[in-house]
Number of protein chains: 2
Amino acid sequence: MKATIRSVAQEAGVSTTTVSKVINHTGSISEQTRKNVLAAMKKLNYSPDVAAASLRGKRTKAFGLLVPDISNPFYAEVARSIEDRSHDFGYNVMMCNTDNDAEKEKNYLSLLTSQRIDGLVVASAFRSPDLLEEMLDKGFPMVLIASEIPKLSVNTVTVDDYKGGYLATSHLLSLGHKKIAIIIENVRSNAARLAAFKEAMQEADLPIPDGFIVKTEAAIQKGYESGKKILSMKEGPTAIFACNDLLAAGVLQAAKEVGLNIPQDLSVVGFDNTVLSTTTSPMLTTISQPIKLMGAKAVDLLIEEMKQEKGNKERLLLSPELIIRQSTASISI
Amino acid sequence: MKATIRSVAQEAGVSTTTVSKVINHTGSISEQTRKNVLAAMKKLNYSPDVAAASLRGKRTKAFGLLVPDISNPFYAEVARSIEDRSHDFGYNVMMCNTDNDAEKEKNYLSLLTSQRIDGLVVASAFRSPDLLEEMLDKGFPMVLIASEIPKLSVNTVTVDDYKGGYLATSHLLSLGHKKIAIIIENVRSNAARLAAFKEAMQEADLPIPDGFIVKTEAAIQKGYESGKKILSMKEGPTAIFACNDLLAAGVLQAAKEVGLNIPQDLSVVGFDNTVLSTTTSPMLTTISQPIKLMGAKAVDLLIEEMKQEKGNKERLLLSPELIIRQSTASISI
DNA sequence: ATGAAAGCGCTAACAC
DNA sequence: GTGTTAGCGCTTTCAT
C-alpha cells in the first residue's frame, strides 16, 4: 500500500493541505508541525505522486530527449550531459531513439505528449519539423542541441559548425595539403561544415575535384565504404576531412586496408572528439565539441523557458576546438 | 488548450464514458459512435493523458532504466536495445546514470517512484540492494540486466560471465601463453570472469604471480594506468585479459607507449565487443555479449511480470562468444 | 449501447 | 497557522 498525502496527514494529525504545504514549501507552517509532517513522511516512506500533482497544473518533472541513436558515442555523451543537469533540477529524462526517421520522430512526439513532459530536448534531425513547430506555437518549452532547424524559432545550443569545418580544413591546408576530400553525413549540422570546407578551399584557390565530396550516414561501416571509394580514385586526395569520428574511424580502416600509412600517406581529421578518437591508432586529430557545457546550457535554457512563458529564444553558438593528435601530418612530397 | 476527454465527448456528442471505452477498447460500442468519436479525437488532435489514467490505476507506460553511465559504449548499446523493445510495447524509458554510486542510486529510485513508473530495468551495481529488495517485496516489476545481485530474487538476464572468462583465458592458453595477467572492474559480473580465469589457469597448472590481478574502474584511462603498472614489472606477462573493452583499449595504449607490439609482444583480449573493439588498432579480440537479445529479453520479462502478479522469477544466462580479431597471437618464443 | 457519478492523489483558493 | 473544499483528466461500476 503506497503512502498517500492523506495517510501522511492522518499519521501527522494534520490536514492534507498542511502536508502539501510542507512538501511544496508554500504558505506558512509552524516549525513544529513541519517537523511532525516530515517525520510522518519518513515513517511511511512517502514520496509524492508527480502524476497527481501534474494533474493539478504542476510540473511532471520529466523532460523528453530525442536523439538519433544513443549507441552513437557522440549522442551518448550528449545524453549523459543532459541527464546530469536535469537531475540537478530534480528532473527525469525520457530517452527516445529516432534514427532520424520521420515516422519514429512523429511517433515519439505523440508518446511524449501523452506523458505530459514539461519540456523537450531535441537532437534528432527533423527534416519535416511541422509537428515541432506546432508545439512551439503552443508555447511548449523546447531546446535544440547539436542540431539546427533554421525554419524554427527555438532555443538552440550548437557548436559553431562553420568554424569547426573551417578549423579542420585550415589545419589540413597549413600542413600543405592541396587535394582534400570530405565525407559528410546528410544532416544539417554537416552542411555548415561542408560550406566552411568549400570556403576555405576557395580562399586557398584550390579546386574540389569530382568525387571528393561524399555524403553518407553516421556509421563506421559507412566511413569505411566511403574511404574505400575515395582512395580507389586515380587522383586520390592526400587528406580526408571526415565530419564525425565514426566516419573517421572507418576511413582509418579503409586506409590501412589499402596499405596507406597514416599520417605519412594520408591525413585524416574527424569531428566530435568522442571516446573513439583516443582509441584509434593513430589517435584522431579532431574537432572537439564542448559536450558537457552544451548539455548543461540546453537544460538551463529549458528550465528558463518553463519559468517565463514565452521568453525570447536564444541561439547559443559554442566554440569548437581543434585537437591535434596523430592522424595528421605535413604532406611529405 | 489541450484536448481532454471531455472536449472530445462534446465534439462527438457523446459522454466521456463512451470516449473512454473506444480509447480502451472496452465495453461495447456501436460502430457508428466509434467512428464519430475517432473522428472527434483526430479533429481535436487528442491524445489521452497517461498521468490522469494512471491515477485511476492504469499503467503509466513508462519504465525506469538505471545504468552506471550511458557514455560507456556498452551501456549505451544496452540502453538502445532496451529502449527499442520498450517502444515496441508503447513504453517510454526514463534513463538514469548512477555511476554505481549508492547515493545516486537511492536518489533515482525515489525520483522514479514519484514518477509512477510501471517497471524498472537495472544495470547499475547496487552494492547495497536493500531498497531494491523492498520494492521487490511489494511486487514491483523489475529486471536486472548485465548485472547480478545474488541476494535478490529477481528476473535477471546476463551473459554467462563465467563462460566468457573461461573462453577468453582458454583462448590465450591455447595460443601458448603461460604468463597471463587480468584486469577487472570492481563489480559483480567481473568476479565471475575472474573466477573462470583462475579456474582455467589452475587447470593448466599455471601460477598467477603477485600483481597479475589488478582491480580498477571502467575507463580507458584506468586501463592505461593498470597496463602501465603490469608492464613495468620485471617478470611481466605475455598476455592480458582486460575484463571490458574500455580497459583493453587503455592497455593497448600503454603497450604502445612502452614499445610493445601487439600481438607479437603482447596479446590482449577484451570483453563486451562494443564499437571500440573495431576501432582500435589492432582490432580487439574480445568476448561478445548478445546485447540486442539481452535488451529484448529483459523487456519481455518485465512485461510478463507486469501481467501476472508475482510470477516466478527467471534467470536467463545467455551465451557469450569469442570474437577473434588481431590483438592476440601465438606466443613467439 | 450509452451515461451519471464517484473517486484516484494532489493543489490552491478561501475560510476560519 | 491550519482546515474545507473543489476540481485536474481519467476509468469504472452501476443504472438505464
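Labels below follow one simple rule: chain letters A, B, ... track the order of the sequence lines, proteins then strands, and each chain is numbered from 1. Atoms considered below: every heavy atom in the structure, side chains included; atoms not considered: hydrogens, waters and symmetry mates.
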K.L.:
Is it true that A/E77 and A/K292 have a side-chain N and a carboxylate O under 4.0 angstrom from each other?
P.N.:
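Here A/E77 does not pair with A/K292 in a salt bridge, since their nearest N and O are not under 4.0 Å apart.
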K.L.:
Could you check whether B/T60 and B/S54, counting side-chain N and O atoms only, form a donor-acceptor pair closer than 3.5 Å?
P.N.:
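Side chains of B/S54 and B/T60: no pair found under 3.5 Å.
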K.L.:
Between A/E105 and A/R127, does any side-chain N to carboxylate O distance fall below 4.0 Å?
P.N.:
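The answer is no: the pair does not qualify as a salt bridge.
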K.L.:
Just call it for B/S20: base, sugar-phosphate, or nothing, with non-hydrogen atoms closer than 4.0 Å on any strand.
P.N.:
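Base: the residue B/S20, judged by heavy atoms under 4.0 Å, touches a nucleobase.
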K.L.:
Calculate the interatomic distance between A/D49 atom CG and D/dG9 atom P; express it in whole Å.
P.N.:
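My rounded result for the distance is 16 Å.
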K.L.:
Want to settle it: does B/R6 or A/T33 sit nearer the 5' end of DNA chain D, counting the closest nucleotide to each?
P.N.:
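The residue whose closest nucleotide sits nearer the 5' end is A/T33.
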K.L.:
Calculate the interatomic distance between B/N24 atom CG and D/dT13 atom P; express it in whole Å.
P.N.:
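Those two atoms, CG and P, are 12 Å apart.
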K.L.:
When you measure from the side chain of B/V14, which nucleotide among C/dG3, C/dG9, D/dG9 comes out closest?
P.N.:
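Nearest listed nucleotide: C/dG3.
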K.L.:
Sequence neighbours excluded and cut-off under 3.5 Å, please list the side-chain donor-acceptor pairs for residues 31-42 of chain B, or say none.
P.N.:
unit_1: B/T33; atom_1: OG1; unit_2: B/S30; atom_2: O; d: 3.0
unit_1: B/T33; atom_1: OG1; unit_2: B/S30; atom_2: OG; d: 2.6

K.L.:
Rounding to an integer number of Å, can you tell me how far A/K61 NZ sits from C/dG9 P?
P.N.:
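Going from A/K61 (NZ) to C/dG9 (P), I get 22 Å.
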K.L.:
Rounding to a whole Å, what distance do you find between B/R116:CZ and D/dC10:P?
P.N.:
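Distance check: B/R116 CZ to D/dC10 P gives 15 Å.
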K.L.:
Which listed nucleotide (D/dC10, C/dG3, D/dG9) is nearest to the side chain of B/S15?
P.N.:
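It is C/dG3.
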K.L.:
Tell me which nucleotide among C/dG9, D/dC10, C/dT11 gets nearest to the side chain of A/L55.
P.N.:
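It is C/dG9.
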K.L.:
In terms of side-chain heavy atoms of A/T17, which of D/dT11, C/dA13, C/dG9 is nearest?
P.N.:
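Per side-chain heavy atoms of A/T17, the pick is C/dA13.
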K.L.:
Is B/R56 side chain donor-acceptor paired with the C/dG7 base, going by distance under 3.5 Å alone?
P.N.:
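Side chain to base: pair present.
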K.L.:
Mapping B/A51 and B/T26 to their closest nucleotides on DNA chain D, which lands nearer the 5' end?
P.N.:
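Upstream on the strand: B/A51.
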K.L.:
Any salt bridge between A/D69 and B/R80, counting N to O under 4.0 Å?
P.N.:
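Salt bridge between A/D69 and B/R80, a charged N being under 4.0 Å from a carboxylate O: yes.
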K.L.:
Rounded to whole angstroms, how far apart are CG on B/N36 and P on C/dG3?
P.N.:
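For the pair B/N36 CG and C/dG3 P, the rounded distance is 11 Å.
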K.L.:
Between N or O atoms, less than 3.5 Å apart, protein on one side and nucleotides 14-16 of chain D on the other: list the pairs.
P.N.:
none

K.L.:
CD1 of A/I5 versus P of D/dT4: gap in Å, rounded?
P.N.:
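Spelled out: CD1 on A/I5 to P on D/dT4 is 14 Å.
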K.L.:
Which is more 5' along DNA chain C, the nucleotide nearest A/P48 or the one nearest B/G13? Just name the residue.
P.N.:
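Its nucleotide being nearer the 5' end, the pick is B/G13.
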K.L.:
Salt bridge or not for A/R315 and A/E148, using N-O below 4.0 Å?
P.N.:
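Here A/R315 pairs with A/E148 in a salt bridge, since their nearest N and O are under 4.0 Å apart.
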K.L.:
Answer yes or no: does a side-chain N or O of B/S30 lie under 4.0 Å from OP1 or OP2 of C/dT2?
P.N.:
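So the side-chain polar atoms of B/S30 do come within 4.0 Å of the phosphate oxygens OP1 or OP2 of C/dT2, strictly under.
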K.L.:
Take the protein atom CZ of A/R59 and the nucleotide atom C1' of C/dA12, then report the distance between them rounded to whole Å.
P.N.:
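Spelled out: CZ on A/R59 to C1' on C/dA12 is 16 Å.
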K.L.:
Think A/T18 has a side-chain N or O under 4.0 angstrom from the OP1 or OP2 of D/dG3?
P.N.:
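It does, given that an N or O in the side chain of A/T18 lies less than 4.0 Å from OP1 or OP2 of D/dG3.
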K.L.:
If we count only N and O atoms by modelled type, under 3.5 Å, do the side chains of A/Y108 and A/N97 hold a donor and an acceptor together?
P.N.:
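Their side chains do not contain a donor-acceptor pair, so the 3.5 Å distance test is not met.
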K.L.:
How close or far is atom C1' of C/dT11 from atom NE2 of A/H25, stated in whole angstroms?
P.N.:
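Whole-Å distance recorded here is 15 Å.
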K.L.:
Could you check which of C/dC10, D/dC10, C/dA12 has an atom nearest any side-chain atom of A/T4?
P.N.:
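Of the candidates, C/dC10 comes closest.
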K.L.:
Any idea which of C/dC10, C/dA12, D/dG9 is nearest the A/K58 side chain?
P.N.:
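Nearest to the side chain of A/K58 among the choices is C/dA12.
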K.L.:
Of the listed nucleotides (C/dT2, D/dC10, C/dC10), which one gets closest to any side-chain atom of A/Y46?
P.N.:
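So the side chain of A/Y46 is nearest to C/dC10.
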K.L.:
I'd like to check the side-chain contact (heavy atoms from CB on, under 4.5 Å) partners of A/E217; sequence neighbours left out, ordered by chain and number.
P.N.:
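Checked A/E217 against side-chain contact (heavy atoms from CB on, under 4.5 Å); matches are A/K222.
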